Q: 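Structure below; questions to follow.
Computed from a predicted structure; not experimentally measured.
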Amino acid sequence: MVSNDKQHKFDLRYLQMAKIWAQNSYCQRRQVGALVVKEGMIISDGYNGTPSGFENVCEDDNNVTKPYVLHAEANAITKLARSSNNSDGATIYITASPCIECAKLIIQAGIKRVVYGEQYRLTDGIDLLKRAGIETIYMNPDEV
């Protein structure tokens with residue numbers, strides 16, 4: 001079992017890595033990253049962007065996010081579906097709190113912990129995760 005202090009350090013580092021991973025996003029309005037970690041290993045990653053094969057442009061001419069842009073956590077979870085890994089009991093690290101749609105995916109994927117680094121104005125995703133008994137932890141990724 002990992003001590004609370006050591007777990008806090010791991011959580012902070014993985015969240016910082018998710019923040020770096022977010023820089024892969026082509027989205028202009030907001031770049032979000034996610035890492036799925038299980039038993040001390042990163043088993044999936046994702047960042048917000050368009051589906052595979054689409055142009056890497058997330059916003060329309062009015063700077064509104066296109067409706068088919070995938071969220072970072074949805075990308076990470078669906079990437080797992082194409083691998084030999086599974087997310088039962090895993091932790092997902094996300095640079096921003098999940099929306100309600102992504103919260104549903106997190107619940108269905110068997111993820112047991114969500115560590116996120118930015119509070120979104122809507123809390124319905126976090127509220128749903130808590131209702132499902134999933135541990136949710138807000139953490140500032142810029143913490144030293």
Side-chain angles (χ1 to χ4, degrees), residues 1-59 64-144:
M1 184 102 186
V2 179
S3 73
N4 283 345
D5 187 48
K6 193 170 186 177
Q7 184 63 59
H8 179 81
K9 286 179 181 175
F10 279 129
D11 287 345
L12 184 58
R13 287 187 183 124
Y14 283 126
L15 191 58
Q16 289 167 339
M17 290 169 70
K19 188 175 176 182
I20 291 167
W21 199 245
Q23 295 172 13
N24 288 317
S25 172
Y26 287 90
C27 296
Q28 300 298 309
R29 291 182 61 218
R30 185 174 203 187
Q31 294 181 318
V32 180
L35 295 176
V36 180
V37 176
K38 183 175 178 178
E39 298 170 2
M41 293 187 314
I42 297 170
I43 60 170
S44 191
D45 56 67
Y47 49 87
N48 57 324
T50 56
S52 298
F54 282 62
E55 74 291 346
N56 286 320
V57 179
C58 298
E59 294 84 14
V64 175
T65 301
K66 294 178 180 176
Y68 53 85
V69 168
L70 290 156
H71 290 185
E73 51 273 52
N75 262 328
I77 291 168
T78 56
K79 189 186 254 187
L80 273 169
R82 297 176 71 176
S83 76
S84 59
N85 287 315
N86 74 68
S87 50
D88 283 337
T91 298
I92 190 167
Y93 297 88
I94 318 163
T95 58
S97 60
C99 71
I100 194 157
E101 294 301 318
C102 289
K104 291 189 276 186
L105 291 175
I106 290 166
I107 293 165
Q108 289 300 97
I111 293 169
K112 295 300 177 201
R113 292 178 76 237
V114 176
V115 179
Y116 62 99
E118 183 185 325
Q119 303 270 16
Y120 189 60
R121 61 183 169 80
L122 300 175
T123 62
D124 51 356
I126 292 295
D127 295 342
L128 185 64
L129 292 170
K130 288 178 180 177
R131 181 176 171 193
I134 293 172
E135 183 181 1
T136 60
I137 301 165
Y138 165 74
M139 182 176 276
N140 180 350
D142 298 324
E143 186 180 316
V144 180

Q: Can you run down the ring-ring contact (aromatic ring centres under 6.0 Å, His included) pairs that involve residues 72-92, sequence neighbours left out, and say none if there aren't any?
A: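 The answer is none; no pair qualifies.
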Q: How long is the span from the OH atom in Tyr93 to the CZ atom in Arg13, to the nearest 0.5 Å?
A: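 If we round to the nearest 0.5 Å, Tyr93:OH and Arg13:CZ are 11.5 Å apart.
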Q: Which heavy atom of Ala90 sits nearest to which heavy atom of Ile111, and what is that distance?
A: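 So the minimum-distance heavy-atom pair works out to O-CG2, 3.3 Å.
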Q: Locate the shortest heavy-atom distance separating Tyr138 from Glu118; write the atom from each residue and the value.
A: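 Reported closest heavy-atom pair: CE1-N, 3.9 Å.
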Q: For Asp5, what residues pass the salt bridge (charged side-chain N to carboxylate O under 4.0 Å, His left out) criterion, not counting sequence neighbours?
A: Lys9
Q: Only counting residues at least two apart or in another chain, list the ones meeting salt bridge (charged side-chain N to carboxylate O under 4.0 Å, His left out) with Lys19.
A: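 Salt bridge (charged side-chain N to carboxylate O under 4.0 Å, His left out) check on Lys19 returns Asp142.
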Q: Between CG of Asn140 and CD of Gln16, what distance do you get to the nearest 0.5 Å?
A: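 Rounded to the nearest 0.5 Å, the CG-CD separation comes out at 9.0 Å.
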Q: What distance do Leu12 atom CG and Gln7 atom CD have between them, rounded to the nearest 0.5 Å?
A: 11.5 Å
Q: Hey, what do you get for CD1 (Ile43) to CD1 (Ile92), rounding to the nearest 0.5 Å?
A: 9.5 Å
Q: Passes side chain to side chain contact (heavy atoms under 4.5 Å, CB included), Ile137 versus Leu15? Steps please.
A: CA-CA 11 Å; Ile137 301 165; Leu15 191 58; over 6 Å; no
Q: Quick check on Glu55: does its CD atom have over 12 non-hydrogen neighbours (other residues, nucleotides or ligands) under 6.0 Å away?
A: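 Yes, the 6.0 Å shell around CD holds more than 12 heavy atoms from other groups.
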Q: If you look only at distance, which donor and acceptor atoms sit under 3.5 Å apart when one is on a side chain in residues 122-131 and the other is two or more places apart or in another chain?
A:
unit_1: Thr123; atom_1: OG1; unit_2: Asp127; atom_2: OD2; d: 3.1

Q: Grab the two heavy atoms, one from Thr50 and one from Val57, that are nearest each other, plus how far apart they are.
A: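 Shortest heavy-atom separation between Thr50 and Val57 comes out as CG2-O, 3.5 Å.
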Q: Return all side-chain donor-acceptor pairs below 3.5 angstrom for residues 70-84, not counting sequence neighbours, or 'none' if the list is empty.
A:
unit_1: Asn75; atom_1: ND2; unit_2: Tyr47; atom_2: O; d: 2.7
unit_1: Thr78; atom_1: OG1; unit_2: Ala74; atom_2: O; d: 2.8
unit_1: Thr78; atom_1: OG1; unit_2: Asn75; atom_2: O; d: 3.3
unit_1: Lys79; atom_1: NZ; unit_2: Asp45; atom_2: OD1; d: 2.6
unit_1: Ser83; atom_1: OG; unit_2: Leu80; atom_2: O; d: 2.9
unit_1: Ser83; atom_1: OG; unit_2: Asn85; atom_2: N; d: 3.1

Q: Looking only at atom types and distance, does a side-chain atom of Ser25 sit under 3.5 Å from a main-chain N or O of Val32, one as donor and one as acceptor?
A: no
Q: Name all residues meeting the ring pair (Phe, Tyr, Trp, His ring centres under 6.0 Å) criterion together with Tyr120; count only those two or more places apart in sequence or in a different chain, and write none if there are none.
A: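 Ring pair (Phe, Tyr, Trp, His ring centres under 6.0 Å) list for Tyr120, sorted by chain: empty.
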Q: Tell me the disulfide (SG to SG under 2.5 Å) pairs involving residues 4-38, sequence neighbours left out?
A: Cys27-Cys58
Q: Measure across Leu35 and Ala18 and return the closest heavy-atom pair with its distance rounded to 0.1 Å.
A: CD1-N, 3.8 Å
Q: Determine the minimum heavy-atom distance between Ala34 and Trp21, stating which atoms define it.
A: O-CD1, 4.3 Å
Q: Excluding sequence neighbours, so at least two apart, what forms ring pair (Phe, Tyr, Trp, His ring centres under 6.0 Å) with Tyr26?
A: none
Q: Which residues pass the salt bridge (charged side-chain N to carboxylate O under 4.0 Å, His left out) test with Glu135, sequence neighbours left out?
A: Arg113
Q: Between atom NZ of Lys38 and atom CG of Asp88, what is the distance when rounded to the nearest 0.5 Å?
A: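 These two atoms lie 5.5 Å from each other.
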Q: Partners of Gln108 by side-chain contact (heavy atoms from CB on, under 4.5 Å), sequence neighbours excluded?
A: none
Q: Rounded to the nearest 0.5 Å, what separation is found between the NZ atom of Lys112 and the CD1 atom of Ile106?
A: 12.0 Å
Q: Salt bridge (charged side-chain N to carboxylate O under 4.0 Å, His left out) with Arg29: which residues, sequence neighbours excluded?
A: none
Q: Considering residues at least two apart in sequence or located in another chain, which fulfil the side-chain hydrogen bond (donor to acceptor under 3.5 Å, both in side chains) criterion with Asn24?
A: none
Q: For Asn48 and Val69, indicate whether the former's side chain and the latter's backbone hold a donor-acceptor pair under 3.5 Å.
A: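 Checked: no pair found.
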